[in-house]
A.B. asks: 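Once you've had a glance at the structure underneath, I'll fire off some questions.
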Amino acid sequence: MSGWQHRHILDLSTFSTDDYAAVLQLADRFRQLPVTGARRLPALQGRLVASLFFEPSTRTRSSFELAAKRLSADVMSFSPSSSSLSKGESVLDTARTYVAMGADVLVLRHRSTGVPQQLAEDLDRLGERAVVLNGGDGLHSHPSQALLDLLTLARHFNPKQPTPDVLQGKRIVIVGDIIHSRVARSNLWALTACGADVVLCGPRSLLPTEFADFVAAPPPGQARDPVPERGSVTVHHQLEQALPGADAVMTLRLQKERMRQQLLTSLERYHRDYGLSHQRLQLCGKPVPVLHPGPVNRGVEMTGDLLDDPHVSQVEEQVRNGVPTRMALLYLMAAAESVAEPSLVSISS
Ligand code: ASP
């Protein structure tokens, strides 16, 4: 795993193709571990992972906590409603309390863009050893979700060797509320880095045409893009234009909590225009997998029938892939700060 340069994991715009390859390779190995029984890897023994979710989460939080436990780390959880936040303590001060208690990794989710970045900068400035893993910030970034999506897609295209290059030239359609989606933004970096051609589709109010340039310039604060050549990004406002030729489709939840104004006339209308169904998927011209990061609104982003169809819906597979992907991230972060790589003794290579 030498070559891993990231102290904190905040945003995939800084990831190189080798970084994606390292995560996929390790996540796929972790995926082969039995999910039941007492078998844990000793890799993070003696480390403390604090899971600080200032915004609701079902999947990401439990998945990170399980991943940390599978690597034998101690886990501390934080709940905003019963914390000193209600007494006026700032988010950053709350997070630093966990560092003072010895947390090595802070998995942080917050409704405001940039909070994980600010915490990482504070820790670096103070010379603290603890590292930050972004569990989703505002509408900016959700790295672990895009990486588990990548594993899901790569395994779909090549179950035996799910490497980044199996995405090369694949047409991946992302449908829905793109403007409010940190999942879409992180997937744009990840998928184009692997050479996929991404097609974005949604109503104009949720998908400005400027998204076609999202990965065109070097990422903010970076002199150059760590990925020399990326796949393309295209914007369409009608599914009839987006779906033909698709190799996979990802649909996203309408992020009502982030909408400042009425951006849709009705959910029925949205479902009629952008909802996925078995019938609509015929436009792809071949059977394709459908991904959704969850939580899903049945009958809005897709029909209940489609969601429950294991031949098409990858939603449960995404959840399954979340744990090994997050184990890989925790492992790589721990490996980057140790002299010796953490032990992987119980995995046969
Ligand atoms: N769970 C994802 C997120 O936290 C997607 C969503 O909430 O719609 O961004």
Side-chain angles (χ1 to χ4, degrees), residues 9-13 51-67 77-80 91 106-117 132-153 172-191 198 200-203 205-207 211 214 249-260 263-264 267 270-271 274-276 290-302 306-307 313-323 325-326 329:
I9 298 179
L10 302 170
D11 180 22
L12 296 182
S13 64
S51 111
L52 311 178
F53 279 67
F54 294 86
E55 200 190 42
S57 168
T58 305
R59 277 149 282 264
T60 308
R61 179 184 194 134
S62 347
S63 179
F64 263 120
E65 293 182 2
L66 188 55
S77 283
F78 157 87
S79 160
V91 173
L106 300 158
V107 181
L108 179 64
R109 166 171 291 191
H110 199 276
R111 62 192 285 275
S112 300
T113 291
V115 173
Q117 171 91 34
V132 181
L133 216 162
N134 185 355
D137 65 324
L139 42 79
H140 169 233
S141 178
H142 194 348
S144 64
Q145 177 69 47
L147 292 167
L148 74 88
D149 293 341
L150 197 61
L151 178 64
T152 306
L153 285 167
I172 313 292
V173 181
I174 306 182
V175 186
D177 183 359
I178 310 289
I179 195 168
H180 297 109
S181 175
R182 54 195 177 205
V183 176
R185 285 175 176 79
S186 287
N187 265 291
L188 275 166
W189 290 115
L191 293 170
V198 181
L200 301 175
C201 183
S205 57
L206 301 179
L207 172 57
F211 263 89
F214 187 76
V249 184
M250 178 184 300
T251 175
L252 303 171
R253 184 175 66 88
L254 295 172
Q255 310 261 314
K256 283 189 229 122
E257 72 277 25
R258 295 187 223 287
M259 293 185 192
R260 292 209 189 90
L263 296 172
L264 290 171
L267 291 183
Y270 177 83
H271 180 68
Y274 297 99
L276 299 181
V290 171
L291 288 78
H292 188 307
V296 181
N297 294 303
R298 271 176 190 267
V300 179
E301 294 102 41
M302 65 175 113
L306 191 62
L307 178 62
S313 170
Q314 299 293 305
V315 174
E316 285 185 10
E317 186 64 5
Q318 287 170 275
V319 173
R320 265 192 292 278
N321 286 333
V323 177
T325 303
R326 290 172 174 124
L329 294 178

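Positions are given from 1, in the same order as the sequence printed here. Just follow the structure's listing: the first ligand is 1, and inside any ligand the first atom is 1.
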A.B. asks: At what distance is the nearest protein heavy atom to atom 7 (O) of ligand 1, and which residue and atom is it?
C.D. replies: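 I find the closest protein heavy atom is R253 NH2, 3.0 Å.
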A.B. asks: Give me the residue, atom name and distance of the protein heavy atom closest to atom 4 (O) of ligand 1.
C.D. replies: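 Ranked first by proximity to atom 4 (O) of ligand 1 is R182 NH2, 2.8 Å.
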A.B. asks: Rounded to the nearest 0.5 Å, what separation is found between the CG atom of L52 and the CG atom of L108?
C.D. replies: 6.0 Å
A.B. asks: Any donor-acceptor pair under 3.5 Å linking the side-chain atoms of R109 with those of T60?
C.D. replies: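 Yes, R109 and T60 have a side-chain donor paired with an acceptor closer than 3.5 Å.
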A.B. asks: Does ligand 1 have any atom that is closer than 4.0 Å to a heavy atom of E55?
C.D. replies: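 No; E55 lies far enough from ligand 1 that no heavy-atom distance drops under 4.0 Å.
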A.B. asks: Going by the atom numbers of ligand 1, which of them fall below 4.0 Å from some non-hydrogen atom of V183?
C.D. replies: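 That gives atoms 2 (C), 5 (C), 9 (O) of ligand 1.
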A.B. asks: R109 heavy atoms, cut-off 4.0 Å: which ligand 1 atoms fall inside?
C.D. replies: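 Listed by number with element, the hits are 4 (O).
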A.B. asks: Can you name the side chain to side chain contact (heavy atoms under 4.5 Å, CB included) partners of H140, sequence neighbours left out?
C.D. replies: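 Testing H140 for side chain to side chain contact (heavy atoms under 4.5 Å, CB included), a comparison that skips the adjacent residues, returns D11, T113, D137.
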A.B. asks: Could you verify whether a donor N or O on one side chain and an acceptor N or O on the other, from R182 and S141, lie under 3.5 Å apart?
C.D. replies: no
A.B. asks: Could you tell me if E65 and S77 have a donor-acceptor pair between their side chains, going purely by distance under 3.5 Å?
C.D. replies: yes
A.B. asks: For R253, give me all partners under side chain to side chain contact (heavy atoms under 4.5 Å, CB included), at least two apart in sequence or on another chain.
C.D. replies: Q255, E257, H292, P295, N297, E301
A.B. asks: Report yes or no: does a heavy atom of S181 sit under 4.0 Å from some atom of ligand 1?
C.D. replies: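 Distance cut 4.0 Å: S181 fails for ligand 1.
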A.B. asks: To the nearest 0.1 Å, how far is atom 5 (C) of ligand 1 from its closest protein heavy atom, and which atom is that?
C.D. replies: G294 O, 3.3 Å
A.B. asks: At a 4.0 Å cut-off, with the gap strictly under it, does some heavy atom of Q255 reach an atom of ligand 1?
C.D. replies: yes
